[in-house]
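Report on the following structure.
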Amino acid sequence: MASTSDGDRPWQSYHTVFTNAKAGMDGVDKEKVQKTVYEMSKGSKYFENEQRKEAFIKQKIENLRAQCAQITANDISYFQTIADKKMSELEASRDLSKIWLHSDMDAFYASVETLVDPSLNGKPLAVGSMSMICTANYMARKFGVRAAMPGFIARKLCPELIFVPPDFKKYTFYSELTRKVFPKYDPHFIATSLDEAYINVTEICNERGISGGEVAEELRNTIYEETGLTCSVGVAPNRLLAKVCSDINKPNGQFVLPNDRRAVMTFISSLPIRKIGGIGKVTESMLREVLGISTCEEMVHKSAHICALFSHSSSDFFLSVGLGLGKTDTPQFKMRKSISSERTFSATEDESLLYQKLDEIAETLSNDMHKEDLSGRTLTLKLKTASFEVRTRAVSLQKYINSKQDILSHASKLLKAELPLSLRLMGRKPCLTPRQLLNHCLYLEQMVASLVYMILIYA
DNA sequence: GTAGGAAGGACCC
DNA sequence: TCCCAGGGTCCTTCCGAG
C-alpha cells in the first residue's frame with residue numbers, strides 16, 4: 001500500500017479524479033492506469049498546477065490538524081452538546097414516508113451515439129475530443145478510460161478507442177424522450193441534467209399498491225421501449241440516498257433501499273463518504289486525514305469535532321449525511337442564476353487576438369441570453385493563464401445588459417486591466433434577471449442569473 | 001455590525 | 001497528428017460602505 005516511497009512509485013501520489021472507483025471500472029488495472037496518467041501528465045503545465053493546488057490543500061489540512069490538536073476536553077464536551085442538539089433536530093426531521101427514484105441513463109452520450117450508429121456496437125467508444133472526454137462506454141471503461149479524462153491519455157490507455165465528437169442536439173432529443181416518461185410517475189419530476197432525474201413515486205405506489213422497486217422496474221422498461229436506451233435506478237426514502245443507490249447496480253440495474261430507519265442506518269454505516277454527492281476529492285481527504293473519517297457513520301462518531309472545525313452549513317450537511325438524511329420535498333421551480341460562455345484556445349500574448357476571442361464570446365453569450373430573454377447585471381470575466389491558473393474579475397452594473405456591445409465593452413475594460421498576460425482562457429459573468437420577471441418584480445435580485453464569459457489563451 | 005460585492009474554490013454532469 | 005472542456009450551483013472569505 002503506502003509502504004513505498006514516492007521515489008519508487010511516484011504515480012501513486014498523483015491522485016486524479018479518474019483514479020476513483022466508478023461504475024464499470026471493476027477489474028481495471030488501477031495501478032497501470034494511474035501510472036499511465038502520471039507518465040503522460042508529469043512535467044506539463046497542467047501537472048505543475050495540480051501540484052500547486054495539492055500543496056495548497058495539504059496546507060489546509062495541516063492547519064485543520066493543528067486546530068484539531070488545540071481542542072481541549074472542555075471544548076469537546078461543549079461541541080458535543082451542540083452536535084447532539086443538531087442531530088436530534090435532524091433526527092426529528094427524518095421523513096420516511098416518501099419514495100424517491102433517481103434515474104441515471106447508462107453512459108448516456110455514448111449509448112445515444114451507438115444507437116444512432118450501430119456499427120459502433122461492441123467497440124470501445126469515447127464521446128469527446130483528444131483534449132477532453134465527456135463519456136466513455138463500458139467497453140472503454142474496462143481500459144480505465146472515463147469522463148473528464150483528456151483524450152490523448154485515453155488513447156494511450158486504449159489505442160483502439162473510437163472518438164466521436166459530442167452532438168448535444170442528439171442527446172437533447174433522447175433526453176426529451178425520457179422526460180416524456182417521467183411525468184407518468186411524477187408530474188413534478190426533477191431533471192438535474194440531460195441524463196438524470198429524481199422522481200417522487202410515493203403517490204403512484206399508494207394508488208397502485210405497488211412497491212418502489214416495482215415502479216423502478218416498470219420505469220426502466222418503459223424508458224427502454226421509448227428510447228432503446230438503458231438506465232439505472234435507485235429507490236430510497238430521500239434524494240441523496242436514491243442517487244447513491246442508482247450507482248450500485250449500474251448499468252441497466254436498480255437498487256432499493258427500504259423506507260426503514262434501521263435499513264438506512266445499516267446502509268450508511270459502511271458507505272464511503274466519497275459516494276455522497278457533494279463530497280469530492282478535497283472534502284474526502286480533509287475528513288479522512290484530519291478526523292479519520294471514511295464512512296458516513298463515522299460522521300456521527302466524530303460529530304463534536306465536526307462542529308468544532310467546520311462552518312454551520314458544512315457541519316449540518318456532514319451530520320445529516322451521517323444520519324442518512326436527504327431532501328424529501330419537491331422544490332419549487334428553480335430559476336437559472338447564471339449563464340456563461342467560455343472557450344479554450346492555444347495560449348497567446350497577442351492582445352488583438354485576445355480581444356478577438358472576447359468579441360466571439362460576447363457574441364455567443366449575447367445570443368444565448370437573447371434566446372432565453374435574459375439580461376444580467378454582474379459581468380464576470382474569467383481568465384485561465386497558460387499555467388492553468390484561473391482568475392475572475394467582476395463588475396456589477398447599474399443596468400441589466402444583454403447586448404453584445406454592452407457585454408463586450410465592459411468585458412474589454414476588465415481584460416484591459418489584466419494585460420499583459422499570457423492566457424489560455426478568458427470569460428465573463430453578469431448576473432441576469434429574466435425580463436419577464438423584471439417587468440413584474442423589479443427587486444427580484446435574488447433571482448438573478450449570472451453570466452460567465454470566458455476566453456482562453458495558450459502559450 | 002451587517003448586507004452585499006468580489007474573488008476563489010469545490011463539486012456535479 | 002491532435003496533448004486536460006464547458007456549463008452550471010453553492011460555499012467561504014475578505015472587505016469597505018453606510
Side-chain angles (χ1 to χ4, degrees), chain A residues 16-18 20 22 37 39-50 53 56-57 60 104-105 107-109 127-135 146-156 163 165-166 168 171 175 191-197 243 274 276-286 310-317 331 334-347 361 364-365 368 377-384 386-397 414 424-425 427 429-432 445-446 448-456 458:
Chain A
T16 73
V17 69
F18 357 101
N20 317 298
K22 235 241 159 185
V37 171
E39 292 294 339
M40 299 205 66
S41 303
K42 71 172 176 196
S44 68
K45 294 277 189 208
Y46 177 81
F47 184 81
E48 284 170 21
N49 190 249
E50 288 301 295
K53 287 197 290 187
F56 185 78
I57 293 164
K60 216 165 130 183
D104 191 347
M105 302 301 291
F108 185 51
Y109 301 167
V127 175
S129 67
M130 212 45 75
S131 63
M132 189 54 69
I133 289 175
C134 306
T135 313
R146 53 159 294 176
M149 176 181 274
F152 67 94
I153 292 179
R155 194 189 43 187
K156 185 82 173 182
F163 285 86
F168 285 93
Y171 314 144
S175 178
T192 52
S193 66
L194 287 179
D195 71 321
E196 286 186 27
K243 164 108 174 138
R274 189 65 164 85
I276 302 291
I279 298 185
K281 193 179 76 162
V282 174
T283 308
E284 180 193 30
S285 38
M286 280 196 327
F310 297 101
S311 69
H312 282 296
S313 79
S314 295
S315 49
D316 284 355
F317 173 62
K334 278 201 160 183
M335 180 68 60
R336 166 207 274 281
K337 299 207 167 93
S338 69
I339 186 167
S340 67
S341 173
E342 60 182 79
R343 293 291 169 267
T344 298
F345 44 87
S346 295
I361 292 165
T364 307
L365 189 55
D368 290 352
R377 202 173 63 86
T378 302
L379 180 68
T380 303
L381 179 72
K382 176 173 165 183
L383 309 166
K384 191 183 271 180
S387 52
F388 287 86
E389 183 197 343
V390 175
R391 296 184 199 176
T392 59
R393 295 293 178 263
V395 272
S396 288
L397 309 166
L414 292 173
R424 292 193 86 232
L425 172 148
K429 166 185 189 171
C431 289
L432 305 178
E445 296 296 296
Q446 311 301 342
V448 296
S450 65
L451 173 73
V452 176
Y453 172 15
M454 303 176 56
I455 307 172
L456 190 59
Y458 207 165

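By convention in this document, chain letters (A, B, ...) are assigned in the order of the sequence lines, proteins followed by strands, and residues within each chain are numbered from 1. Just so it is clear, the model here is predicted, and its values are computed rather than measured.
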Q | Residue met sooner reading DNA chain C from 5', once A:I133 and A:R155 are mapped to nucleotides | A | A:R155

**Q.** P-based separation of C:dC4 from B:dC11 [nearest Å]
**A.** 23 Å

(Q) By nearest atom, which of the nucleotides C:dC4, B:dC11, C:dG7 is closest to the A:S41 side chain? (A) C:dC4

Q. What are the two closest non-hydrogen atoms of A:S315 and A:F310, and how far apart are they?
A. OG-O, 4.2 Å

Q: For A:T283, answer base if it contacts any base atom (sugar-phosphate contacts may also be present), sugar-phosphate if it contacts only those atoms, and nothing otherwise; contact means non-hydrogen atoms under 4.0 Å.
A: sugar-phosphate

Q. When the nearest nucleotide of DNA chain C is assigned to A:M40 and to A:D368 on a heavy-atom basis, which residue is associated with the more 5' position?
A. A:M40

Q: Dot-bracket for DNA chain C, please, read 5' to 3', with Watson-Crick or G-U wobble pairs under 3.5 Å on both distances, ( ) within the strand, [ ] crossing, | other strand, . unpaired.
A: .....||||||||||.|.

(Q) For the P atoms, the ones on C:dC3 and on B:dC12, what distance do you get once it is rounded to whole angstrom? (A) 29 Å

Q: In sequence, state the C-alpha distance, the side-chain angles, and the governing distance for A:V395 and A:L414, and then conclude on side chain to side chain contact (heavy atoms under 4.5 Å, CB included).
A: CA-CA 8 Å; A:V395 272; A:L414 292 173; 3.9 Å; yes

Q: For A:E50 and C:dC3, give me the distance from atom CD to atom P, rounded to whole Å.
A: 19 Å

Q. Looking at B:dC11, C:dG7, B:dC13, which one has an atom nearest to any side-chain atom of A:K281?
A. B:dC11

Q) Roughly how far apart are A:F152 CZ and A:M132 CE, rounded to 0.5 Å? A) 8.5 Å

Q) Within this structure, what is the CD-to-P distance between A:E342 and C:dC4, rounded to whole angstrom? A) 15 Å

(Q) Expressed as a whole number of angstroms, how long is the span from A:L194:CG to C:dG8:P? (A) 12 Å

Q. Does A:K243 pair with A:E196 as a salt bridge, N-O distance under 4.0 Å?
A. yes

**Q.** Contact nearer the 5' end of DNA chain B, comparing A:Y109 with A:F56
**A.** A:F56

Q: Give me the ring orientation class for A:F388 and A:Y46: parallel if the planes are under 30° apart, tilted from 30 to 60°, perpendicular past 60°.
A: perpendicular

Q: Identify whether any heavy atom of A:S314 sits under 4.0 Å from a base atom; if not, whether one sits that close to sugar-phosphate; answer base, sugar-phosphate or nothing.
A: sugar-phosphate

(Q) Under 4.0 Å, counting only non-hydrogen atoms across every strand here, what does A:K243 touch: a base, just sugar-phosphate, or nothing? (A) sugar-phosphate

Q. Using a cut-off of 4.0 Å on non-hydrogen atoms, how would the nucleic acid contact of A:G277 be classed: base, sugar-phosphate, or nothing?
A. sugar-phosphate

Q) Below 4.0 angstrom from OP1 or OP2 of B:dA6, is there any side-chain N or O of A:S396? A) yes

Q | Euclidean distance, atom CG of residue A:L365 to atom C1' of C:dG6 [Å, nearest integer] | A | 13 Å

Q. When the distance from CD of A:E389 to P of C:dC4 is rounded to whole Å, what number comes out?
A. 17 Å

Q.
Any non-hydrogen side-chain atom of A:V37 less than 4.5 Å from a side-chain atom of A:K156?
A. no

Q.
In this structure, how many angstroms lie between the P atom of C:dT1 and the CE atom of A:M130, rounded?
A. 8 Å

Q: Starting from C1' on B:dC12, measure out to CE on A:M149 and report it in whole angstrom.
A: 18 Å

Q: State which of B:dA7, C:dT12, C:dC3 makes the closest approach to the side chain of A:R393.
A: B:dA7

Q) Is the phosphate of C:dC4, meaning OP1 or OP2, less than 4.0 Å from a side-chain N or O of A:S131? A) no

Q.
Does C:dC4 have OP1 or OP2 under 4.0 Å away from a side-chain N or O of A:K384?
A. no

Q | N/O donor-acceptor pair under 3.5 Å between A:S175 side chain and A:L194 backbone | A | yes

Q | Selected nucleotide, minimal atom distance to A:F388 side chain, candidates C:dA5, B:dC12, C:dC11 | A | C:dA5

Q) Is the shortest side-chain N/O distance from A:T192 to OP1 or OP2 of B:dC12 below 4.0 Å? A) no

Q: Measure the spacing between CD1 of A:I57 and CD of A:E50 and express it to the nearest 0.5 Å.
A: 8.5 Å

**Q.** Distance below 4.0 Å between A:T392 side-chain N/O and B:dG8 OP1 or OP2
**A.** yes

Q: Can you tell me the distance, in whole Å, between the CZ atom of A:R343 and the C1' atom of C:dG7?
A: 10 Å

Q: Measure from the side-chain heavy atoms of A:A394 and tell me the nearest of B:dA7, C:dC3, C:dA5.
A: B:dA7

Q) Counting only N and O atoms by type, is there a donor-acceptor contact under 3.5 Å from the side chain of A:S285 to the main-chain atoms of A:K281? A) yes

Q.
So, OP1 or OP2 of C:dG8: does either fall under 4.0 Å of a side-chain N or O from A:R336?
A. yes

